[in-house]
Asker: 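Encoded as structure tokens, here's the structure I'll be asking about.
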Amino acid sequence: MVTIRQMRSVAAVVEEGSFTRAAQRENATQSGVSQHVAAVETALGVPLFDRSAEGVRPTPAGQRYYARCIEVLRNLELATSEAQATGRGVSGRVRAGLMPAFTRAILPPVLDRFLDTYADVEVEVIEGYSGTLTEMVRAQDLDFAAVPSARATQGLTVTHLTRNPEYLVSGPALGLEHRRPLRLGDLPPLNMIVPAPNNARRAKLDEYFETHGVRIAKRLEMDAMLATLGLVASSTWVTVLPQMICLGDADGVYRRVSPIIAPGFASDFTIIEPARRPVSIPAQLFLDALREELDQNTLPFA
């Protein structure tokens with residue numbers, strides 16, 4: 001009989017592509033994970049992995065078996081969570097990963113309402129960019145993370161969260177009219193702050209600038225949101241940010257926000273979670289609260 005622990009070992013090797021990394025993730029030894037996988041292969045009578053110097057890849061039978069393992073592991077986690085919640089109020093812990101786009105203006109009202117409603121739930125929020133958050137979800141250090149649109153990846157479940165228009169953010173020194181829509185190609189050369197090349201948003205911005213004749217005088221790569229907002233407020237440097245992060249500048253005092261038109265463009269954000277573990281009831285309630293806040297703040301600028 002194949003055990004749950006052996007299924008977890010098989011799933012970990014498929015998702016990590018390595019017995020060593022799978023063992024690290026499962027807090028086990030490499031030999032222990034290898035023995036679990038070998039026991040499953042013996043029980044099934046078929047090889048689940050092709051082993052080579054380049055790594056470990058699932059065979060067709062291994063890939064199919066992995067998919068079934070994921071179903072079993074998710075259902076087991078769900079049954080456990082539902083059983084624990086029966087007969088008592090909502091309690092537990094939420095571990096959420098959010099990008100700065102969410103933490104500046106969307107997160108505070110969500111936390112205020114959620115913690116007031118669910119006093120027995122502990123919430124831990126990790127702020128980071130997509131690469132770091134994705135790895136933390138894969139390692140199951142987070143229940144879920146909100147990241148830019150991503151393709152389904154081995155070991156992750158991806159669902160759509162929101163579509164958010166992009167805005168030009170500038171300081172008073174540049175002299176743009178707050179909230180007035182503009183075409184970036186009509187502006188003089190800009191000192192533009194952009195994400196670092198490994199940021200998921202960078203390629204989308206570069207493509208838009210090139211395609212629509214946006215002239216860049218100087219380019220500064222920076223994945224530091226507080227520093228970016230501070231530099232924009234005190235200089236003629238500008239940046240392009242999702243609308244939800246601009247909610248904090250609705251008054252236009254320190255930074256001015258300009259909807260981009262002709263054409264406008266938007267970014268899609270998704271929720272990623274471990275494929276073999278459904279989000280807990282507290283985490284799902286927190287995610288529902290996040291979605292509700294996003295829906296209420298879709299179009300704040302006239």
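Side chains are part of it too, since the values below use all heavy atoms of this structure and drop only hydrogens, waters and symmetry mates.
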Asker: What are the two closest non-hydrogen atoms of Met225 and Tyr129, and how far apart are they?
Answerer: N-OH, 3.5 Å
Asker: Tell me, please, which residues at least two apart from Thr211 pass side-chain contact (heavy atoms from CB on, under 4.5 Å).
Answerer: Glu207
Asker: Is any side-chain heavy atom of Glu122 closer than 4.5 Å to a side-chain heavy atom of Glu124?
Answerer: no
Asker: Taking Arg113's backbone N and O only, do any of them form a donor-acceptor pair with Thr117's side chain (distance below 3.5 Å, no angle check)?
Answerer: yes
Asker: What residues, two or more places apart in sequence or in another chain, satisfy ring pair (Phe, Tyr, Trp, His ring centres under 6.0 Å) together with Tyr118?
Answerer: Phe114
Asker: Which distance, rounded to the nearest 0.5 Å, do you find between the OG of Ser149 and the CD1 of Ile272?
Answerer: 11.5 Å
Asker: Using the rule given for side chain to side chain contact (heavy atoms under 4.5 Å, CB included), can you reason through Met7 versus Tyr65, listing the C-alpha separation, both sets of side-chain angles and the distance that settles it, and then say yes or no?
Answerer: CA-CA 9 Å; Met7 286 187 182; Tyr65 188 72; 4.2 Å; yes
Asker: Glu177: what forms a salt bridge (Lys or Arg N to Asp or Glu O under 4.0 Å) with it, not counting sequence neighbours?
Answerer: Arg180
Asker: Please round to the nearest 0.5 Å and tell me the distance separating atom CG of Asn191 and atom OG of Ser170.
Answerer: 12.0 Å
Asker: Side-chain contact test, heavy atoms from C-beta onward, threshold under 4.5 Å: evaluate it for Asp116 versus Asp112 and give yes or no.
Answerer: no
Asker: So, taking the atom named OG1 in Thr239 and the one named CG in Leu231, what distance separates them when rounded to the nearest 0.5 Å?
Answerer: 9.5 Å
Asker: State whether Arg202 and Glu221 are salt-bridged, where the test is any N-O pair (Lys NZ or Arg NE/NH1/NH2 against Asp/Glu carboxylate O) under 4.0 Å.
Answerer: yes
Asker: Is Arg25 salt-bridged to Glu15, cutoff N-O under 4.0 Å?
Answerer: yes
Asker: Please confirm whether the backbone N or O of Ala250 pairs with a side-chain atom of Arg179, one donor and one acceptor, at under 3.5 Å?
Answerer: yes
Asker: Please report the closest heavy-atom contact between Arg201 and Pro195, naming both atoms and the distance.
Answerer: NH1-CG, 4.1 Å
Asker: Donor-acceptor pair, distance only, cut-off 3.5 Å: does the side chain of Gln6 make one with the backbone of Thr3?
Answerer: yes
Asker: Hey, could you give me the OG/CG distance between Ser280 and Leu285, rounded to the nearest 0.5 Å?
Answerer: 8.5 Å
Asker: Side-chain heavy atoms under 4.5 angstrom apart, residues restricted to Ile, Leu, Val, Met, Phe, Trp, Tyr: same cluster for Ile261 and Val257?
Answerer: no
Asker: Ion pair present between Glu26 and Arg8, side-chain N to carboxylate O less than 4.0 angstrom?
Answerer: no
Asker: How far does CG of Leu220 sit from CD1 of Ile193, to the nearest 0.5 angstrom?
Answerer: 5.5 Å
Asker: Considering only heavy atoms from C-beta outward, does the side chain of Met99 approach that of Phe269 to under 4.5 Å?
Answerer: yes
Asker: Restricting to pairs with a member in residues 182-196, which pass salt bridge (charged side-chain N to carboxylate O under 4.0 Å, His left out), not counting sequence neighbours?
Answerer: Arg183-Asp186
Asker: Counting N and O atoms only, with roles assigned by atom type, does the side chain of Arg255 sit under 3.5 Å from a partner on the main chain of Val169, one being a donor and the other an acceptor?
Answerer: no
Asker: Using the side-chain contact (heavy atoms from CB on, under 4.5 Å) criterion, which residues pair with Ala227? Sequence neighbours excluded.
Answerer: Met222, Ala224
Asker: To the nearest 0.5 Å, what is the distance between CZ on Arg256 and CG on Asp251?
Answerer: 11.0 Å
Asker: Given a cutoff of under 4.5 Å between side-chain heavy atoms of I, L, V, M, F, W and Y, with clusters grown through shared members, what are the other residues clustered with Val253?
Answerer: Tyr254
Asker: Would Leu142 and Leu133 satisfy side chain to side chain contact (heavy atoms under 4.5 Å, CB included), going step by step from the backbone distance to the final call?
Answerer: CA-CA 8 Å; Leu142 295 174; Leu133 296 180; 4.1 Å; yes
Asker: For Arg74 and Ala275, indicate whether the former's side chain and the latter's backbone hold a donor-acceptor pair under 3.5 Å.
Answerer: yes
Asker: Please determine if Glu71 and Arg276 form a salt bridge, counting it only when a charged side-chain N lies under 4.0 Å from a carboxylate O.
Answerer: no
Asker: Checking Gln284 now: which residues fulfil side-chain contact (heavy atoms from CB on, under 4.5 Å) with it, not counting sequence neighbours?
Answerer: Val279, Leu287, Asp288
Asker: Flag the pair Asp268 / His160 as yes when at least one side-chain heavy-atom distance between them is below 4.5 Å, and no otherwise.
Answerer: yes
Asker: What is the minimum heavy-atom distance between Ala11 and Leu73, and which atoms define it?
Answerer: CB-CD1, 4.3 Å
Asker: Any salt bridge between Arg277 and Asp143, counting N to O under 4.0 Å?
Answerer: yes
Asker: Salt bridge or not between Asp295 and Arg291? Use side-chain N to carboxylate O under 4.0 Å.
Answerer: no
Asker: Could you list the donor-acceptor pairs under 3.5 angstrom formed by side chains in residues 101-109, with sequence neighbours left out?
Answerer:
unit_1 : atom_1 : unit_2 : atom_2 : d
Thr103 : OG1    : Pro100 : O      : 3.4
Thr103 : OG1    : Glu127 : OE2    : 2.4
Arg104 : NH1    : Ile245 : O      : 2.9
Arg104 : NH1    : Asp249 : OD2    : 2.8
Arg104 : NH2    : Asp249 : OD1    : 3.4
Arg104 : NH2    : Asp249 : OD2    : 3.2

Asker: Is any side-chain heavy atom of Ile4 closer than 4.5 Å to a side-chain heavy atom of Val72?
Answerer: yes
Asker: Clusters formed by hydrophobic residues whose side-chain heavy atoms approach within less than 4.5 Å: which one holds Leu168, and what are its other members?
Answerer: Leu174, Leu176, Leu182, Leu184, Leu187, Leu190, Met192, Val194, Leu205, Tyr208, Phe209, Val214, Ile216, Val238, Val240, Ile260, Phe265
Asker: Return the minimal non-hydrogen interatomic distance between Gln63 and Val14, and the atom names on each side.
Answerer: OE1-CG1, 4.4 Å
Asker: Would you sort out whether Met244 and Leu294 count as a side chain to side chain contact (heavy atoms under 4.5 Å, CB included), showing the intermediate values?
Answerer: CA-CA 8 Å; Met244 57 186 159; Leu294 287 167; 3.6 Å; yes
Asker: Are Ile271 and Thr159 packed together at the side-chain level, in the sense that at least one heavy-atom pair is separated by less than 4.5 angstrom?
Answerer: yes
Asker: So do the side chains of Lys204 and Ser267 get within less than 4.5 Å of each other, counting heavy atoms only?
Answerer: yes
Asker: Could you tell me whether a side-chain N or O of Thr59 sits under 3.5 Å from a main-chain N or O of Pro47, the two making a donor and an acceptor?
Answerer: yes
Asker: Filter on side chain to side chain donor-acceptor pair (under 3.5 Å), then keep only pairs touching residues 32-41, sequence neighbours left out; what's left?
Answerer: Glu41-Arg51
Asker: With a 4.5 Å heavy-atom cut-off, do Pro274 and Arg138 have their side chains touching?
Answerer: no
Asker: What closest approach, in Å, do Pro282 and Val90 show between heavy atoms, and which atom pair accounts for it?
Answerer: CG-CG1, 4.0 Å
Asker: Using the side chain to side chain contact (heavy atoms under 4.5 Å, CB included) rule, take Phe19 and Val37 through it: C-alpha gap first, then chi angles, then the decisive distance, then the call.
Answerer: CA-CA 10 Å; Phe19 283 95; Val37 171; 3.8 Å; yes
Asker: Among residues at least two apart in sequence or on other chains, which ones pass side-chain contact (heavy atoms from CB on, under 4.5 Å) with Asn198?
Answerer: Ala196, Asp223
Asker: Please find the pair of heavy atoms, one from Ala96 and one from Phe286, that lie closest to each other, and give the distance.
Answerer: CB-CE2, 4.0 Å
Asker: Donor-acceptor pair, Thr162 side chain versus Asn164 backbone, under 3.5 Å?
Answerer: no
Asker: Run the side-chain hydrogen bond (donor to acceptor under 3.5 Å, both in side chains) test against Arg57 and tell me which residues pass, sequence neighbours left out.
Answerer: none
Asker: Check the side chains of Gln30 and Thr20 for a donor-acceptor pair under 3.5 angstrom, ignoring hydrogens and angles.
Answerer: yes
